[in-house]
Amino acid sequence: MSKDLTPAEAADAFWDALEKSNTGLLGLDRPGYHQQPMTAFRDGETGTIWFFSRDDTDLARDVATGGQSSMFCYASKDQKIWACIHGQLSIQGRDRAIIDKHWNPVLSAWYPEGKEDPHLVVLRFDGQDGRIWVNDGGLAKFAYEIAKANMTHSTPDAGGVTDVNLG
């Protein structure tokens, strides 16, 4: 763990990055379960992350049996933030307020009948804990650190990593 990166700084960096680029991998936390790409919509007041799914997918069917231990893995487009967050995934149902708040043309493409599509369901992810990696230096700093490490036979400074408690 990095002594220079606090859990609060890491969580803030994660939330900021997720706001700008909100696609990650979501799946149940169980052996043999494969994560799938999903678009995340964060509720800034509660920290809840909402996902839209179809009720006829494996993920939605598996979650419909009750809250499930899950993982959300994320990498920002600029490669500065990586995160693996553990939490509980549950069915929120057809919560019209959430649907209206986050509805957009990309979501609309997956639901032929729009907001009224009978297969549309909202998933609720309540993050509990995880690990976040932050590299504010970007690609140029990373390349420099790799070159320096190879020349000096040391390891590169790839930024900070810390465990976070989001619950």
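Predicted model only: the values in this text are computed from it and were never measured.
- Side chains of Leu26 and Leu89 form a contact here, defined as non-hydrogen atoms less than 4.5 Å apart.
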List the steps and the verdict of side chain to side chain contact (heavy atoms under 4.5 Å, CB included) for Phe52 and Val122.
-> CA-CA 5 Å; Phe52 290 76; Val122 177; 4.1 Å; yes
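- A 4.5 Å side-chain heavy-atom check between Ile99 and Leu120 finds at least one atom pair inside the cut-off.
- With sequence neighbours excluded, no residue forms a salt bridge (charged side-chain N to carboxylate O under 4.0 Å, His left out) with Arg42.
- Two residues are said to be in side-chain contact when any heavy atoms from C-beta on lie closer than 4.5 Å; Arg30 and Gln68 meet this criterion.
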What do the steps show when you test Thr162 against Arg131 for side chain to side chain contact (heavy atoms under 4.5 Å, CB included), and what is the final call?
-> CA-CA 6 Å; Thr162 191; Arg131 183 166 287 176; over 6 Å; no
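- For Glu116, the side chain to side chain donor-acceptor pair (under 3.5 Å) partners two or more places apart in sequence, or in a different chain, are Arg96.
- When atom types are taken as modelled, the side chain of Gln92 and the backbone of Ser90 share no donor-acceptor pair closer than 3.5 angstrom.
- Not counting sequence neighbours, the partners of Phe72 by the ring pair (Phe, Tyr, Trp, His ring centres under 6.0 Å) test are Phe51.
- Linking Ile, Leu, Val, Met, Phe, Trp and Tyr residues whenever their side-chain heavy atoms come within less than 4.5 Å leaves Ile91 and Met71 in two separate clusters.
- Scored by the side chain to side chain donor-acceptor pair (under 3.5 Å) test, Arg61 finds Asp58 as partners (sequence neighbours excluded).
- With sequence neighbours excluded, no residue forms a salt bridge (charged side-chain N to carboxylate O under 4.0 Å, His left out) with Lys101.
- In this structure, Trp133 and Leu5 have side chains that are not in contact, with every pair of non-hydrogen atoms separated by 4.5 Å or more.
- Side-chain atoms of Glu45 and Thr48 include no donor-acceptor pair closer than 3.5 Å.
- Using a 4.5 Å heavy-atom cutoff, the side chains of Val134 and Val161 are not in contact.
- Looking at Asp163 and Asp129, their side chains never come closer than 4.5 Å, going by heavy atoms from C-beta outward.
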For residues 104-112, tabulate all N or O donor-acceptor pairs below 3.5 Å that involve a side-chain atom, not counting sequence neighbours.
from	atom 1	to	atom 2	distance (Å)
Asn104	OD1	Val106	N	2.8
Asn104	OD1	Leu107	N	2.9
Asn104	ND2	His102	O	3.2
Tyr111	OH	Ser53	N	3.2
Tyr111	OH	Ser53	O	3.1

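- Between His86 and Ser70, the side chains place no donor N or O within less than 3.5 Å of an acceptor N or O (distance only, hydrogens not considered).
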Apply the test side chain to side chain contact (heavy atoms under 4.5 Å, CB included) to residues Ile81 and Asn135: give CA-CA distance (whole Å), side-chain angles for both, the deciding distance (0.1 Å), then the verdict.
-> CA-CA 6 Å; Ile81 310 294; Asn135 179 1; over 6 Å; no
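- Salt bridge status for Asp117 with Lys115: absent, with no side-chain N to carboxylate O gap under 4.0 Å.
- Every residue meeting the side chain to side chain contact (heavy atoms under 4.5 Å, CB included) condition with Gln79, not counting sequence neighbours, appears here in chain and number order: Trp82.
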Sequence neighbours left out, cut at 3.5 Å: what donor-acceptor pairs do the side chains of residues 149-156 make with other protein atoms?
from	atom 1	to	atom 2	distance (Å)
Asn150	ND2	Ile146	O	3.1
Thr152	OG1	Lys148	O	2.7
Thr152	OG1	Ser154	OG	2.6

Decide yes or no on side chain to side chain contact (heavy atoms under 4.5 Å, CB included) for Val164 and Phe14, but give the supporting numbers first.
-> CA-CA 10 Å; Val164 296; Phe14 167 68; over 6 Å; no
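- Under the rule for a side chain to side chain donor-acceptor pair (under 3.5 Å), Gln88 has no partner lying at least two apart in sequence or in another chain.
- Shown here are the side chain to side chain donor-acceptor pair (under 3.5 Å) partners of Gln36, two or more places apart in sequence or in another chain: there are none.
- Residue pairs meeting the side-chain hydrogen bond (donor to acceptor under 3.5 Å, both in side chains) criterion with at least one partner in residues 8-28, sequence neighbours excluded, are Thr6-Glu9.
- Here CD1 of Ile85 is found 11.0 Å from CD of Gln128. Values are rounded to the nearest 0.5 Å.
- Residue Leu123 holds its CG atom at 12.0 Å from CG of Asp95, rounded to the nearest 0.5 Å.
- Put simply, the side chain of Leu28 reaches to within 4.5 Å of the side chain of Val63, judged on heavy atoms.
- If you take CD1 on Ile49 and OG1 on Thr46, they are separated by 9.5 Å, rounding to the nearest 0.5 Å.
- Clustering ILVMFWY residues whenever any of their side-chain heavy atoms sit less than 4.5 angstrom apart, transitively, puts Leu166 in the very cluster that holds Leu18.
- Nearest approach of Val121 to Ala60, heavy atoms of both residues: CG1-CB, 4.3 Å.
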